[in-house]
Number of protein chains: 2
Amino acid sequence: MGTAKLKRLQAAGWKSGSADEFLGLSDEETMLVDLKLSLVDAVRQSRQKRGLSQIDLAQRMGSSQSRVAKLETGDPSVSLDLIVRAFFATGGTRQELQRAVGAKVKVAA
Amino acid sequence: MGTAKLKRLQAAGWKSGSADEFLGLSDEETMLVDLKLSLVDAVRQSRQKRGLSQIDLAQRMGSSQSRVAKLETGDPSVSLDLIVRAFFATGGTRQELQRAVGAKVKVAA
DNA sequence: TCAGTTTATGTCGGATTTGACATACATACA
DNA sequence: TGTATGTATGTCAAATCCGACATAAACTGA
């Protein structure tokens, strides 16, 4: 992964939102970042809807609170695999995941 | 990742298909594996539809033919990140990805 | 204010995933 | 038969991602 770029994105306080062609991010990289942000949103919403804390979720997926926190803050060290695993661990279904894939994230810079 | 289990799955020649509760795969792990298989299918179809070889695709995504081959054969060493990146690199759109997420893979054991 | 709960940030050693390379296998066409 | 093209498999060092831990910050409710 071109994580360096994502880290710069993060560092700059960016949340992105399909209009983040501001530094050499290729189209596919941008699409992946946007997708991740959407799914991260879905994870947080699904987790909160079921009244789970980050610790609860971490336990369910055999992970740690800090990793869940990084996940939800969009830390570039978190893989799409982990995001999707987290989504399923909240109780999210494949159909709900599909919906989340379709819902582009809205963002204030 | 519980890759050991996936490797055993692979080794046994399994392709899985939502009915693979045959060895201690947790529900979420199973869902993730099934999802990956669906997306792998989508990558291959998208690649072939555009007349790209594995080498072509590898170049587009800055990867190698061998990794694309592993990807398409469902090798457990391939991450969801790479699968999605590959899908986008074929020219696949987010909407098409969404469709692929909804389409569960059909499999002969 | 304080204690309790939840979330965020930084770091690190170990595990996983990576691209690259070699090479084998397959198919097609001369 | 050969040889060209495409795909699969095995290996490895480097890059990335992981859970865990410490600790800070934010937000409650007393």
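Chain letters run A, B, ... following the sequence lines, proteins first, then strands; residues in each count from 1.
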If I compare all heavy atoms of B/Ser46 with all of B/Gly92, which pair ends up nearest, and what's the gap? OG-N, 4.3 Å
Whole angstroms only, please: what is the [atom1]-[atom2] distance between [X] and [N]?
X       : N      : atom1 : atom2 : answer
A/Gln65 : D/dG19 : CD    : P     : 13 Å
A/Met61 : D/dC17 : CE    : C1'   : 13 Å
A/Ile83 : D/dC17 : CD1   : P     : 11 Å
B/Leu57 : D/dT7  : CG    : C1'   : 13 Å
A/Asp75 : C/dT7  : CG    : P     : 17 Å
A/Asp81 : D/dT16 : CG    : C1'   : 12 Å

If we count only N and O atoms by modelled type, under 3.5 Å, do the side chains of A/Asp56 and A/Ser53 hold a donor and an acceptor together?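 The criterion, which ignores hydrogens and geometry beyond distance, is satisfied for A/Ser53 and A/Asp56.
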Are B/Ser77 and B/Asp75 linked by a side-chain donor-acceptor pair shorter than 3.5 Å? yes
Are [X] and [N] close enough that a side-chain N or O sits under 4.0 Å from OP1 or OP2?
X       : N      : result
A/Gln54 : C/dA8  : yes
B/Ser79 : C/dT18 : yes
A/Arg67 : C/dG10 : no
A/Arg85 : D/dC17 : no

Could you give me the CA-CA distance, side-chain angles and deciding distance for B/Arg47 and B/Glu72, then say whether salt bridge (Lys or Arg N to Asp or Glu O under 4.0 Å) is met? CA-CA 11 Å; B/Arg47 175 179 69 80; B/Glu72 292 192 357; 2.7 Å; yes
Are B/Arg94 and A/Lys104 close enough that some pair of their side-chain heavy atoms sits under 4.5 Å apart?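 Result yes, sub-4.5 Å side-chain heavy-atom pair found.
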Does [X] contact [N] through a side-chain donor or acceptor facing the base, at a distance under 3.5 Å?
X       : N      : result
A/Ser66 : D/dC21 : yes
B/Glu72 : D/dA8  : no
A/Ser63 : D/dC18 : no

So what does B/Ser53 hit on the nucleic acid, given a heavy-atom distance under 4.0 Å: a base, only sugar-phosphate, or nothing? sugar-phosphate
5' precedence on DNA chain D between B/Lys70 and B/Ile55 (nearest-nucleotide basis):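 Nearer the 5' end of the strand: B/Ile55.
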